[in-house]
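Here the structure is a predicted model, which is why all the values come from computation and not from measurement. All values below come from the heavy atoms of this structure, side chains included, with hydrogens, waters and symmetry mates left out. Lettering follows sequence order; numbering is per chain, from 1.
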Amino acid sequence: DAGVTQSPTHLIKTRGQHVTLRCSPISGHKSVSWYQQVLGQGPQFIFQYYEKEERGRGNFPDRFSARQFPNYSSELNVNALLLGDSALYLCASSPWDGSYGYTFGSGTRLTVV
Amino acid sequence: AQSVSQHNHHVILSEAASLELGCNYSYGGTVNLFWYVQYPGQHLQLLLKYFSGDPLVKGIKGFEAEFIKSKFSFNLRKPSVQWSDTAEYFCAVRPFGEGDDKIIFGKGTRLHILP
């Protein structure tokens, strides 16, 4: 079975640019969450979507947005990139919600220069 | 605000030594609790989880964790570590009743096992 797949794996962007990160959950999983992991820290919650509706938002500025599509895949968008947005962005999926624990993808390494 | 505290940032042990990694969380309500592991070059994997019931939870690869509600703790243990246990370990909590479905992670503990 395919796990959670994320694309691209690595990305370099310039300050002020926009970026879109993509995630395909495990087949049958309806809940997708996004996390940001800065070097030396644990993952930090950004968004959670279930059945295409936003179920939670972490403490991130409005430059961060996301959506979930009818096939349960998801996109994370970040506008007006800052150097501090450089991080590993993780997507995680679960059948319903986080109570069973999420299965994580390998992440997208975003570098903002 | 809810938070998860992992007491040790970096632990070095010899093979066959016993392991205990501390984890405390700050939230007064009902929680689910998790330990995730990240092996070098790999993605986060679920090691074990506490849902309800027996506070002693057994996970993969011989790991176990004990939920002590009165201490808001969920420490990870293994009686005898192996070189292959070298990894970063994250404790995480999912609070109920907050209106969202976030999982809050600790900062992680890097475990290095000497052969």
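If you measure heavy-atom distances from L90(A) to chain B, the contacts under 4.5 Å come from the side chain alone. Using a 4.5 Å cut-off between heavy atoms, K49(B) contacts chain A through its side chain alone, with no backbone atom that close. For I103(B), the parts lying near chain A are the backbone and the side chain together; criterion is any non-hydrogen pair under 4.5 Å. Q38(B) touches chain A through its side chain: at least one heavy atom from C-beta onward sits under 4.5 Å away, while N, CA, C and O do not.
The aromatic rings of F104(A) and Y36(B) lie perpendicular to each other, with more than 60° between the two planes, well past the 30° mark. Using bins of under 30°, 30° to 60° and over 60° for the plane-to-plane angle, the ring pair F90(B)/F105(B) lands in the perpendicular bin.
Under the 4.5 Å side-chain criterion, counting only non-hydrogen atoms from C-beta, F47(A) is in contact with F64(A).
Residues A66(A) and Y49(A) share a closest heavy-atom pair of O-OH, 2.6 Å. Heavy-atom minimum distance, N75(B) versus G22(B): OD1-CA, 3.2 Å.
For a heavy-atom cut-off of 4.5 Å, chain B lies close to Y35(A), Q37(A), G40(A), Q41(A) in residues 27-41 of chain A.
The CG atom of L47(B) sits 8.0 Å away from atom NZ of K61(B), with the distance rounded to the nearest 0.5 Å.
Two rings, from F63(B) and Y89(B), have their centers less than 6.0 Å apart.
No salt bridge links D85(A) with K13(A); every basic N to acidic carboxylate O contact stays at or beyond 4.0 Å.
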